[in-house]
Amino acid sequence: LDFQQYIVCHKAKYLSILKSKGYNIPSGVVIDFEEFKNIIKEQKLNLETIDKIEITDEIVDNILASLPQGKEYAIRSSANIEDCRNISLAGRFATFLNVVADKECMKDKIKECFLSLYSEDNLQFYRKNKIDINRIEMNVIVQEMIESNVSGILFTVNPTNGKDTQIVVEFSKGAGEVVTGKAIPERIVYDWVEEKYIEEPKINLLGENSVKKIINISLNLQQEIGF
(Lines give C-alpha, C1' and ligand atoms only; values in the text may rest on other atoms or scores of the structure.)
Protein backbone atom coordinates (compact mmCIF):
# COMPACT_ATOMS: atom_id res chain seq x y z
CA LEU A 1 0.00 0.00 0.00
CA ASP A 2 1.08 3.55 -0.75
CA PHE A 3 1.27 5.35 2.58
CA GLN A 4 1.10 8.72 0.82
CA GLN A 5 -2.56 7.93 0.16
CA TYR A 6 -3.44 7.67 3.81
CA ILE A 7 -0.79 9.35 5.90
CA VAL A 8 -3.13 12.36 6.39
CA CYS A 9 -6.26 10.33 7.19
CA HIS A 10 -6.26 11.35 10.83
CA LYS A 11 -9.68 11.76 12.40
CA ALA A 12 -8.07 14.26 14.76
CA LYS A 13 -6.79 16.38 11.88
CA TYR A 14 -10.19 16.72 10.25
CA LEU A 15 -12.00 17.38 13.53
CA SER A 16 -9.54 20.24 14.06
CA ILE A 17 -10.13 21.55 10.53
CA LEU A 18 -13.91 21.45 10.97
CA LYS A 19 -13.72 23.21 14.35
CA SER A 20 -11.51 25.93 12.85
CA LYS A 21 -14.14 26.47 10.13
CA GLY A 22 -16.84 27.05 12.74
CA TYR A 23 -18.62 23.69 12.68
CA ASN A 24 -20.17 22.45 15.93
CA ILE A 25 -17.42 20.10 17.08
CA PRO A 26 -17.24 19.20 20.81
CA SER A 27 -14.18 20.41 22.71
CA GLY A 28 -11.31 17.96 22.74
CA VAL A 29 -7.58 17.33 22.95
CA VAL A 30 -5.29 14.95 21.08
CA ILE A 31 -2.57 12.76 22.52
CA ASP A 32 -0.10 12.67 19.66
CA PHE A 33 1.66 9.48 18.60
CA GLU A 34 4.98 11.13 19.47
CA GLU A 35 3.84 11.24 23.10
CA PHE A 36 3.21 7.49 23.05
CA LYS A 37 6.62 6.91 21.46
CA ASN A 38 8.21 8.92 24.28
CA ILE A 39 6.40 6.81 26.89
CA ILE A 40 7.46 3.59 25.15
CA LYS A 41 11.07 4.78 25.16
CA GLU A 42 11.00 5.94 28.80
CA GLN A 43 9.36 2.72 29.97
CA LYS A 44 11.77 0.64 27.84
CA LEU A 45 9.04 -1.23 25.98
CA ASN A 46 8.94 -2.92 22.59
CA LEU A 47 6.28 -4.54 20.42
CA GLU A 48 6.31 -7.66 22.57
CA THR A 49 5.92 -5.78 25.86
CA ILE A 50 3.85 -2.81 24.67
CA ASP A 51 0.77 -4.06 26.53
CA LYS A 52 2.56 -3.01 29.75
CA ILE A 53 2.50 0.67 28.76
CA GLU A 54 1.36 2.99 31.56
CA ILE A 55 -0.24 6.36 30.79
CA THR A 56 1.23 9.03 33.04
CA ASP A 57 -0.64 11.18 35.56
CA GLU A 58 0.77 14.26 33.83
CA ILE A 59 -1.01 13.44 30.56
CA VAL A 60 -4.41 12.95 32.22
CA ASP A 61 -3.95 16.05 34.39
CA ASN A 62 -3.24 18.13 31.29
CA ILE A 63 -6.28 16.68 29.50
CA LEU A 64 -8.64 17.41 32.40
CA ALA A 65 -7.24 20.94 32.74
CA SER A 66 -7.95 21.59 29.05
CA LEU A 67 -11.53 20.28 28.86
CA PRO A 68 -14.87 21.48 30.29
CA GLN A 69 -15.32 20.21 33.83
CA GLY A 70 -18.25 18.19 35.17
CA LYS A 71 -18.57 16.27 31.89
CA GLU A 72 -18.16 12.76 30.61
CA TYR A 73 -15.83 12.16 27.67
CA ALA A 74 -15.42 10.11 24.53
CA ILE A 75 -11.99 8.54 24.04
CA ARG A 76 -11.50 7.86 20.35
CA SER A 77 -8.88 6.26 18.13
CA SER A 78 -7.33 8.26 15.30
CA ALA A 79 -5.04 6.02 13.25
CA ASN A 80 -3.36 7.13 10.03
CA ILE A 81 -4.79 4.13 8.14
CA GLU A 82 -8.49 4.67 8.85
CA ASP A 83 -10.97 5.60 6.10
CA CYS A 84 -8.49 5.64 3.24
CA ARG A 85 -8.86 5.41 -0.51
CA ASN A 86 -7.82 1.82 -0.94
CA ILE A 87 -8.51 0.19 2.42
CA SER A 88 -11.01 0.49 5.26
CA LEU A 89 -10.33 -0.26 8.91
CA ALA A 90 -13.59 1.14 10.25
CA GLY A 91 -14.44 -0.42 13.60
CA ARG A 92 -11.05 -2.08 14.07
CA PHE A 93 -9.81 0.36 16.71
CA ALA A 94 -11.28 1.07 20.13
CA THR A 95 -13.56 3.93 21.08
CA PHE A 96 -15.03 4.48 24.54
CA LEU A 97 -18.10 6.58 25.30
CA ASN A 98 -19.32 8.14 28.56
CA VAL A 99 -15.93 7.94 30.27
CA VAL A 100 -16.05 9.64 33.67
CA ALA A 101 -13.48 12.24 34.69
CA ASP A 102 -11.66 9.80 36.96
CA LYS A 103 -7.90 9.78 36.51
CA GLU A 104 -7.39 6.01 36.73
CA CYS A 105 -10.40 5.26 34.55
CA MET A 106 -9.20 7.68 31.87
CA LYS A 107 -5.68 6.23 31.96
CA ASP A 108 -7.09 2.73 31.42
CA LYS A 109 -9.31 3.77 28.49
CA ILE A 110 -6.56 5.79 26.78
CA LYS A 111 -4.27 2.78 27.13
CA GLU A 112 -6.89 0.39 25.71
CA CYS A 113 -7.59 2.74 22.84
CA PHE A 114 -3.90 3.02 21.94
CA LEU A 115 -3.25 -0.72 22.34
CA SER A 116 -6.11 -1.58 19.95
CA LEU A 117 -3.61 -0.65 17.23
CA TYR A 118 -1.64 -3.76 18.23
CA SER A 119 -4.43 -6.27 18.82
CA GLU A 120 -3.73 -9.79 17.54
CA ASP A 121 -6.55 -9.48 15.03
CA ASN A 122 -5.15 -6.22 13.66
CA LEU A 123 -1.58 -7.53 13.54
CA GLN A 124 -2.84 -10.41 11.38
CA PHE A 125 -4.72 -7.92 9.22
CA TYR A 126 -1.55 -5.85 8.66
CA ARG A 127 0.42 -8.94 7.66
CA LYS A 128 -2.30 -10.17 5.30
CA ASN A 129 -2.53 -6.75 3.59
CA LYS A 130 1.24 -6.13 3.60
CA ILE A 131 0.99 -3.04 5.78
CA ASP A 132 4.27 -2.02 7.41
CA ILE A 133 3.50 -1.76 11.12
CA ASN A 134 6.45 0.60 11.60
CA ARG A 135 4.61 3.21 9.52
CA ILE A 136 1.30 3.02 11.37
CA GLU A 137 0.53 5.75 13.89
CA MET A 138 -2.23 6.13 16.45
CA ASN A 139 -3.31 9.39 18.01
CA VAL A 140 -5.96 9.30 20.75
CA ILE A 141 -8.69 11.93 20.96
CA VAL A 142 -10.32 12.81 24.27
CA GLN A 143 -13.47 14.77 23.52
CA GLU A 144 -16.41 16.19 25.43
CA MET A 145 -19.25 13.64 25.34
CA ILE A 146 -22.50 14.73 23.74
CA GLU A 147 -25.73 13.52 25.34
CA SER A 148 -27.42 12.72 22.05
CA ASN A 149 -30.95 11.45 21.58
CA VAL A 150 -30.12 10.23 18.07
CA SER A 151 -26.76 9.46 16.47
CA GLY A 152 -25.49 7.88 13.30
CA ILE A 153 -23.37 8.01 10.17
CA LEU A 154 -23.61 10.04 6.98
CA PHE A 155 -22.02 9.27 3.60
CA THR A 156 -21.88 11.92 0.85
CA VAL A 157 -21.35 9.11 -1.67
CA ASN A 158 -23.71 6.15 -1.57
CA PRO A 159 -21.41 3.28 -0.47
CA THR A 160 -23.68 0.60 -1.95
CA ASN A 161 -23.72 1.89 -5.54
CA GLY A 162 -21.01 4.59 -5.71
CA LYS A 163 -23.41 7.38 -6.75
CA ASP A 164 -21.95 10.70 -5.66
CA THR A 165 -25.29 12.52 -5.90
CA GLN A 166 -26.85 10.31 -3.25
CA ILE A 167 -26.40 11.10 0.45
CA VAL A 168 -26.95 8.19 2.82
CA VAL A 169 -27.80 8.75 6.50
CA GLU A 170 -28.12 5.87 8.96
CA PHE A 171 -29.16 6.62 12.53
CA SER A 172 -30.73 5.23 15.69
CA LYS A 173 -31.61 6.29 19.22
CA GLY A 174 -28.69 6.73 21.59
CA ALA A 175 -25.05 7.69 21.38
CA GLY A 176 -23.31 5.38 18.93
CA GLU A 177 -25.19 2.13 18.61
CA VAL A 178 -25.09 2.33 14.78
CA VAL A 179 -21.30 2.40 14.80
CA THR A 180 -20.98 -0.48 17.25
CA GLY A 181 -23.54 -2.59 15.37
CA LYS A 182 -25.77 -2.92 18.44
CA ALA A 183 -28.76 -1.28 16.72
CA ILE A 184 -30.50 -1.73 13.39
CA PRO A 185 -30.52 1.82 12.00
CA GLU A 186 -33.12 3.87 10.21
CA ARG A 187 -31.91 4.73 6.72
CA ILE A 188 -32.39 7.73 4.44
CA VAL A 189 -31.09 8.04 0.88
CA TYR A 190 -31.44 11.50 -0.65
CA ASP A 191 -30.46 12.57 -4.19
CA TRP A 192 -29.43 16.21 -3.94
CA VAL A 193 -29.39 16.74 -7.73
CA GLU A 194 -32.90 15.39 -8.24
CA GLU A 195 -33.92 16.87 -4.85
CA LYS A 196 -35.86 13.81 -3.80
CA TYR A 197 -35.71 10.90 -1.38
CA ILE A 198 -34.71 7.56 -2.89
CA GLU A 199 -35.33 5.78 0.41
CA GLU A 200 -37.09 6.92 3.58
CA PRO A 201 -37.64 5.24 6.95
CA LYS A 202 -41.09 4.38 8.26
CA ILE A 203 -40.38 6.41 11.39
CA ASN A 204 -38.04 9.38 10.99
CA LEU A 205 -36.47 9.87 14.43
CA LEU A 206 -34.69 13.00 13.22
CA GLY A 207 -37.63 14.83 11.68
CA GLU A 208 -37.66 16.35 8.20
CA ASN A 209 -36.21 19.73 9.24
CA SER A 210 -33.21 18.09 10.91
CA VAL A 211 -32.62 15.84 7.90
CA LYS A 212 -32.59 18.86 5.56
CA LYS A 213 -30.20 20.69 7.89
CA ILE A 214 -27.84 17.69 8.04
CA ILE A 215 -27.92 17.28 4.25
CA ASN A 216 -27.06 20.97 3.75
CA ILE A 217 -24.20 20.72 6.24
CA SER A 218 -22.84 17.64 4.45
CA LEU A 219 -22.93 19.40 1.06
CA ASN A 220 -21.12 22.43 2.53
CA LEU A 221 -18.53 20.11 4.09
CA GLN A 222 -17.98 18.35 0.79
CA GLN A 223 -17.33 21.70 -0.90
CA GLU A 224 -15.03 23.03 1.81
CA ILE A 225 -12.95 19.87 2.23
CA GLY A 226 -12.84 19.18 -1.51
CA PHE A 227 -13.96 15.55 -1.64
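If you're wondering where the values come from, they're calculated on a predicted model, not measured in any experiment.
Side-chain contact between M106 and I63 is present, with heavy atoms from C-beta onward closer than 4.5 Å. Side-chain contact between Y197 and V211: present, with at least one pair of heavy atoms (C-beta onward) separated by less than 4.5 Å. Using a 4.5 Å heavy-atom cutoff, the side chains of N139 and I31 are not in contact. A 4.5 Å side-chain heavy-atom check between Y73 and V100 finds every atom pair outside the cut-off. Taking the side chain as every heavy atom from C-beta outward, E72 and V99 never approach each other to under 4.5 Å. Taking the side chain as every heavy atom from C-beta outward, F93 and C113 never approach each other to under 4.5 Å. Residues P159 and V168 are in side-chain contact: their nearest non-hydrogen atoms beyond the backbone lie under 4.5 Å apart. Considering only heavy atoms from C-beta on, R127 stays 4.5 Å or farther from I133 through its side chain.
With rounding to the nearest 0.5 Å, the separation of CD1 in I39 from CD1 in I59 is 3.5 Å. A distance of 13.5 Å separates CD in E42 from NZ in K37, rounded to the nearest 0.5 Å. Rounding to the nearest 0.5 angstrom, the gap separating the CG atom in L219 from the OG1 atom in T156 is 8.0 Å. Atom CD of E35 sits about 10.5 Å away from atom CD1 of I110, to the nearest 0.5 Å. Rounding to the nearest 0.5 Å places CG of N98 at 11.5 Å from NZ of K109. Atom-to-atom distance recorded for R187:CZ and S172:OG is 14.0 Å, nearest 0.5 angstrom.
In summary, the side chains of S119 and D121 do not present any donor paired with an acceptor at a separation below 3.5 Å, with no hydrogens or angles considered. A donor-acceptor contact under 3.5 angstrom links the side chains of Y23 and E224, judged on distance only.
Remark: E120 CD is packed, more than 12 non-hydrogen atoms of other residues, nucleotides or ligands lying under 6.0 Å away. Environment of NZ in K163: sparse, with no more than 12 heavy atoms of neighbouring residues, nucleotides or ligands closer than 6.0 Å. Counting heavy-atom neighbours within 6.0 Å of E58 CD, excluding the residue itself, gives a total of 12 or less. The 12-atom threshold is not exceeded at CD of E48, counting heavy atoms of other residues, nucleotides or ligands nearer than 6.0 Å. Crowding of N24 atom CG: a count of heavy atoms from other residues, nucleotides or ligands under 6.0 Å not exceeding 12.
The side-chain contact (heavy atoms from CB on, under 4.5 Å) test with M138 is passed by exactly one of L117, D32, L115: L117. In summary, of the residues considered (R76, K71, K19), a salt bridge (charged side-chain N to carboxylate O under 4.0 Å, His left out) with E144 occurs for K71 alone.
Side-chain atoms of S16 do not come within 3.5 Å of backbone N or O of A12 as any donor-acceptor pair. Side-chain atoms of K111 come within 3.5 Å of backbone atoms of D51 as a donor-acceptor pair (strictly under, hydrogens ignored). Between the N129 side chain and the I131 main chain, no donor and acceptor come within less than 3.5 Å of each other. In this structure a side-chain-to-backbone donor-acceptor pair under 3.5 Å is present from N122 to S116. Side chain of D191 to main chain of Q166: no donor-acceptor pair is present (N/O by atom type, distance under 3.5 Å, no hydrogens or angles). Looking at T49, its side chain never comes within 3.5 Å of a backbone N or O of L45 through a donor-acceptor pair. Formation of a donor-acceptor pair under 3.5 Å by the K11 side chain with backbone atoms of S77 is found in this model. Formation of a donor-acceptor pair under 3.5 Å by the S151 side chain with backbone atoms of G174 is found in this model.
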Could you please spell out the steps behind the side chain to side chain donor-acceptor pair (under 3.5 Å) verdict for N204 and E186? CA-CA 7 Å; N204 188 344; E186 302 287 352; over 6 Å; no
Start with the C-alpha gap between V140 and F36, add the side-chain angles, then the distance that decides, and say whether side chain to side chain contact (heavy atoms under 4.5 Å, CB included) holds. CA-CA 10 Å; V140 172; F36 288 111; 3.7 Å; yes
Apply side chain to side chain contact (heavy atoms under 4.5 Å, CB included) to L18 and I225, showing your working. CA-CA 9 Å; L18 296 183; I225 301 298; 4.1 Å; yes
With side chain to side chain contact (heavy atoms under 4.5 Å, CB included) as the criterion, how do Q143 and L15 come out once you've worked through the C-alpha distance, each side chain's angles and the decisive distance to 0.1 Å? CA-CA 10 Å; Q143 205 170 5; L15 284 170; 4.0 Å; yes
Take Q43 and I53, measure what side chain to side chain contact (heavy atoms under 4.5 Å, CB included) needs, and give me the verdict at the end. CA-CA 7 Å; Q43 297 178 4; I53 190 170; 3.9 Å; yes
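The shortest heavy-atom contact between V29 and S66 is CG1-CB, 3.7 Å. Nearest heavy-atom pair across S78 and I141 is CB-CD1, 3.9 Å.
Residues V157 and Y190 fall into different hydrophobic clusters, defined by Ile, Leu, Val, Met, Phe, Trp and Tyr side chains chained together at heavy-atom separations under 4.5 Å. At a threshold of 4.5 Å between side-chain heavy atoms, the hydrophobic network of Ile, Leu, Val, Met, Phe, Trp and Tyr places L205 and I146 in two separate groups. Tracing side-chain contacts under 4.5 Å through hydrophobic residues (I, L, V, M, F, W, Y), one reaches I136 starting from F114; they form part of the same cluster.
For the pair R92 and F125, the cation-pi criterion (under 6.0 Å, within 45° of the ring axis) is fulfilled.
Ring geometry for F227 against Y14 counts as perpendicular: the plane angle is over 60°, on a 0 to 90° scale with 30° as the lower cut.
Ion pair D61/K103 flagged as a salt bridge, since at least one NZ, NE, NH1 or NH2 atom sits closer than 4.0 Å to an Asp/Glu carboxylate oxygen. For the pair E54 and K44, the salt-bridge criterion is not met [side-chain N within less than 4.0 Å of a carboxylate O].
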